[in-house]
Amino acid sequence: MGKLGGFLHIERAGIHYRDAGERVEDYNEIVEKRNDEELSAQGARCMDCGVPFCHNGCPLGNLIPDWNDLVYHGRWQDAMRQLHATNNFPEFTGTLCPAPCEAACVLEIRENEAVTIKQIEQAIVDHGWKEGWIRPRPPKRETLRTVAVVGSGPAGMAAAQQLRRAGHSVVLYERDEAAGGLIRFGVPDFKIEKTAVERRVQQLIHEGVVVKCGVDVGVDITVEELRSRYDAVILSTGSRVPRDLPVPGRELDGVHFAMEYLYIRNRWVADEVGPKPLATPPPAGNITAAGKNVVVIGGGDTGADCVGNSIREGAKQVVQLELLPEPSESRPDDQTPWPLWPQKFRLSYAMEEARRVDKGEQDFSITTTHLSGEDGQVKTLHAARAEDAPPFGPVEGTGFEIEADLVLLAMGFLHPEQELLDGLGVEKDGRGNVKAGTYETSVPGVFAAGDARRGQSLIVWAINEGRQCARMVDRYLDQLEGIPTSPEIHTGNVEAADSGPEGPPNHVSPGDGSGPGRIRWPGAGNLGATPPSRFPAVAGVIPGSR
């Protein structure tokens, strides 16, 4: 793999960001792309380590050394096939995943020397779209089985795509006006432009997935109707109940959950630059950071996204507070030794921007004691130094005040919303998540995947959950009686414009290079071999999952 000894004389070149002072003026992606020559050299650093611990670090089991080597040799199309063999949406992980694979890279034994896996992954899928290699892949035959997927985040999208490519009829329900979940409405455009999400949604549609936005399952369609219409149901509603701040003054105006603010900002950008949603959005909210003293409580990615949006809106000042102590600058080997994810300090892109324009600061070991205001509007956040161990109570004599016209609560999420789970009667675990050890819940035919099942987690885990849940649903559907599968019912292209010998249009989603009208399966090489089954047991790969 890679160039023999390449890691000894080729230096790591990490992700390159646009200038912080310039990027705060727009909503374009903040990462700058490297050219093919630079990426080839980075792929050459993959050291043929014998035991690739990057596989252990990646929940999807991405074939990282394989496509690193292919990029090194300039075989981008083959690299794209390998990448899609385990990951439905590499551009989602290539932009938003924190890259636990890099933390587990053998080269990371010497800290900050890991192969730049994340940017190579992103470059591969960028090539796929640019060259027209990624296309819709509808199944060859229909099974006559029906599946409803509730929630269109990455877990729901992955499950829907896998099951549709296996020949099942799939309807993807989303209560918001567009599909994508928090990637669409929580993550800002300057981290991932929403055209990247929309083209994957369109790929699902052209493969035959019915996407119904603006439909609140449990309200617009009852759980009884859902169960009667479909052979199986997947709950992929995410972990959407935010952690609250139970302090005096919480009821004041100007104190909001982070997602309330981020939804408004993402809808504003969509209205300004697109893409337009599939359904009518709700009335615009009025939460704004413009000209205000903003306090963001929570030091994770959601808090950083609030900081980044606030700076772009023109906030007067932004302060980000974290309850936990400040991590060390380097990997603490006594706590998170290699190949574990290191609990070390990382300056967020947003705080870099805030400091660059002299409008932001960040502090650790801070607990909020109460909020105060005037005429029902928050004006001051009262805080103190927090103890270093749970329950992180205030240290006596360390109290202080922060001006606050807008307080955003970004302290994580507790569990999925409970109403739909209670309506379906599924069993829950002690944290309020759906209890579904092998993805099937306590109610036969009802499955769960993603954050709704495992709790708040990474996007790479969500995609993996969707893929694995699809495997279990397919197995369940195969065992049902009453509606026989029919190998004689062929799928057609879903739009009349797609018919003809040339196959689906190239603008929908670039394909895998197998040529129009040919369906390919993992392990088929360049021969277009016939798959042994819809879901072969080899290496956990689901057909169509390139």
Side-chain angles (χ1 to χ4, degrees), residues 59 96 98 150-156 174-176 180-187 216-219 234-251 255-264 287 295-306 320-324 341 343 366-371 386 389-393 407-437 439 441-442 446-462 464-466 469:
L96 303 178
V150 185
S152 69
E174 172 55 57
R175 70 179 176 187
D176 290 323
L182 292 189
I183 299 181
R184 190 73 172 248
F185 294 103
V187 180
D216 191 354
V217 175
V219 179
I234 297 176
L235 300 175
S236 54
T237 54
S239 181
R240 296 296 299 273
V241 177
R243 183 173 284 107
D244 209 342
L245 182 68
V247 298
R250 167 65 179 88
E251 73 285 353
V255 184
H256 303 276
F257 290 118
M259 282 304 155
E260 297 178 63
Y261 174 64
L262 293 176
Y263 260 67
I264 289 172
I287 305 173
V295 179
V296 178
I297 302 178
D301 288 340
T302 301
D305 294 342
C306 289
Q320 186 176 18
L321 304 177
E322 171 58 59
L323 179 65
L324 301 176
W341 176 255
Q343 298 297 329
I366 302 298
T367 182
T368 303
T369 57
H370 64 286
L371 302 163
F392 303 107
V407 177
L408 299 174
L409 308 180
M411 302 179 295
F413 301 87
L414 298 174
H415 47 65
E417 295 171 7
Q418 303 290 290
E419 292 79 7
L420 178 58
L421 310 188
D422 294 337
L424 286 166
V426 298
E427 187 177 352
K428 293 175 281 189
D429 64 19
R431 296 184 298 163
N433 300 319
V434 183
K435 189 174 183 180
Y439 300 94
T441 70
S442 57
V446 178
F447 297 76
D451 291 359
R453 188 187 83 99
R454 63 176 291 117
Q456 182 188 6
S457 191
L458 304 177
I459 183 174
V460 67
W461 270 113
N464 176 71
E465 289 265 315
C469 181

Asker: Can you check side-chain contact (heavy atoms from CB on, under 4.5 Å) on Tyr439 and Ile234, steps first, answer last?
Answerer: CA-CA 9 Å; Tyr439 300 94; Ile234 297 176; over 6 Å; no
Asker: Between Glu322 and Leu324 (side chain of the first, backbone of the second, donor and acceptor by atom type, cut-off under 3.5 Å), is there such a pair?
Answerer: yes
Asker: Please step through side-chain contact (heavy atoms from CB on, under 4.5 Å) for the pair Leu414 and Ser239, ending with a clear verdict.
Answerer: CA-CA 7 Å; Leu414 298 174; Ser239 181; 5.9 Å; no
Asker: With side chains defined as the heavy atoms from C-beta onward, is the minimum distance between Trp341 and Pro98 less than 4.5 Å?
Answerer: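 Heavy-atom side-chain distance check passes, below 4.5 Å.
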Asker: Could you check whether any side-chain heavy atom of Leu458 comes within less than 4.5 Å of a side-chain heavy atom of Pro59, counting everything from C-beta outward?
Answerer: no
Asker: Does any non-hydrogen side-chain atom of Val150 lie less than 4.5 Å from one of Leu420?
Answerer: yes
Asker: Ignoring hydrogens and geometry beyond distance, is a side-chain donor-acceptor pair present between Ser152 and Glu174 at under 3.5 Å?
Answerer: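 Glu174 and Ser152 do have a side-chain donor-acceptor pair below 3.5 Å.
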Asker: For Thr369 and Pro248, work out which heavy atoms get closest and say how close.
Answerer: O-CD, 3.7 Å
Asker: Rounded to the nearest 0.5 Å, what separation is found between the CG atom of Leu245 and the CG atom of Leu409?
Answerer: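 Output value for this atom pair is 5.5 Å.
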Asker: From Arg453 CZ over to Thr441 OG1, what is the distance, rounded to the nearest 0.5 angstrom?
Answerer: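 Result: 11.5 Å between the selected atoms.
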Asker: How many angstroms lie between atom CG of Asn464 and atom CD1 of Ile459, to the nearest 0.5 angstrom?
Answerer: 12.5 Å
Asker: Indicate the atoms forming the closest heavy-atom contact of Pro416 with Leu421, along with that distance.
Answerer: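 The pair with the smallest heavy-atom distance is CG-CD1, 3.8 Å.
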Asker: If you define the side chain from C-beta out and look only at heavy atoms, does anything of Gln418 sit under 4.5 Å from Lys428?
Answerer: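 Yes, side chains in contact.
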Asker: Report the distance from atom OG1 of Thr368 to atom CG of Leu321, rounding to the nearest 0.5 Å.
Answerer: 6.0 Å
Asker: Please tell me if the side chains of Met259 and Tyr261 come closer than 4.5 Å, counting only heavy atoms from C-beta onward.
Answerer: no
Asker: Evaluate the side-chain contact (heavy atoms from CB on, under 4.5 Å) criterion for residues Leu96 and Ile183: first the C-alpha distance (whole Å), next the side-chain angles of each, then the deciding distance (0.1 Å), finally the verdict.
Answerer: CA-CA 9 Å; Leu96 303 178; Ile183 299 181; 4.1 Å; yes
Asker: From Cys306 SG over to Gln320 CD, what is the distance, rounded to the nearest 0.5 angstrom?
Answerer: 8.5 Å
Asker: Cationic tip of Arg243 within the cone over Phe413's six-membered ring, i.e. under 6.0 Å and within 45° of the normal?
Answerer: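 Cation-pi check for Arg243 and Phe413: fails.
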Asker: Taking the side chain as every heavy atom from C-beta outward, state whether Tyr263 and Asp176 have any pair of such atoms under 4.5 Å apart.
Answerer: yes
Asker: For the backbone of Gly432 and the side chain of Asp429, can you confirm whether one donor and one acceptor N or O come within less than 3.5 Å of each other?
Answerer: yes
Asker: Please report the shortest heavy-atom distance between Val296 and Ala410, naming the atom on each side.
Answerer: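 Nearest pair, atom of Val296 first, then Ala410: CG1-CB, 4.4 Å.
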Asker: Verify, without hydrogens or angle tests, whether Ser236 (side chain) and Gly450 (backbone) share a donor-acceptor contact under 3.5 angstrom.
Answerer: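 Such a contact is absent between Ser236 side chain and Gly450 backbone.
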Asker: Would you mind reporting whether His415 and Arg431 have side-chain heavy atoms less than 4.5 Å apart?
Answerer: no
Asker: Which heavy atom of Ala448 sits nearest to which heavy atom of Val434, and what is that distance?
Answerer: CB-CG1, 3.6 Å
Asker: Is there a side-chain contact between Arg240 and Leu182, using heavy atoms and a 4.5 Å cut-off?
Answerer: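 Counting from C-beta outward, Arg240 and Leu182 do come under 4.5 Å.
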Asker: Taking the six-membered ring of Phe185, is the NZ or CZ of Arg175 close enough (under 6.0 Å from the centre) and on axis enough (within 45°)?
Answerer: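 Ring-cation test returns no.
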Asker: Quick one: CG on Leu408 to NE2 on His256, what's the gap to the nearest 0.5 Å?
Answerer: 7.5 Å
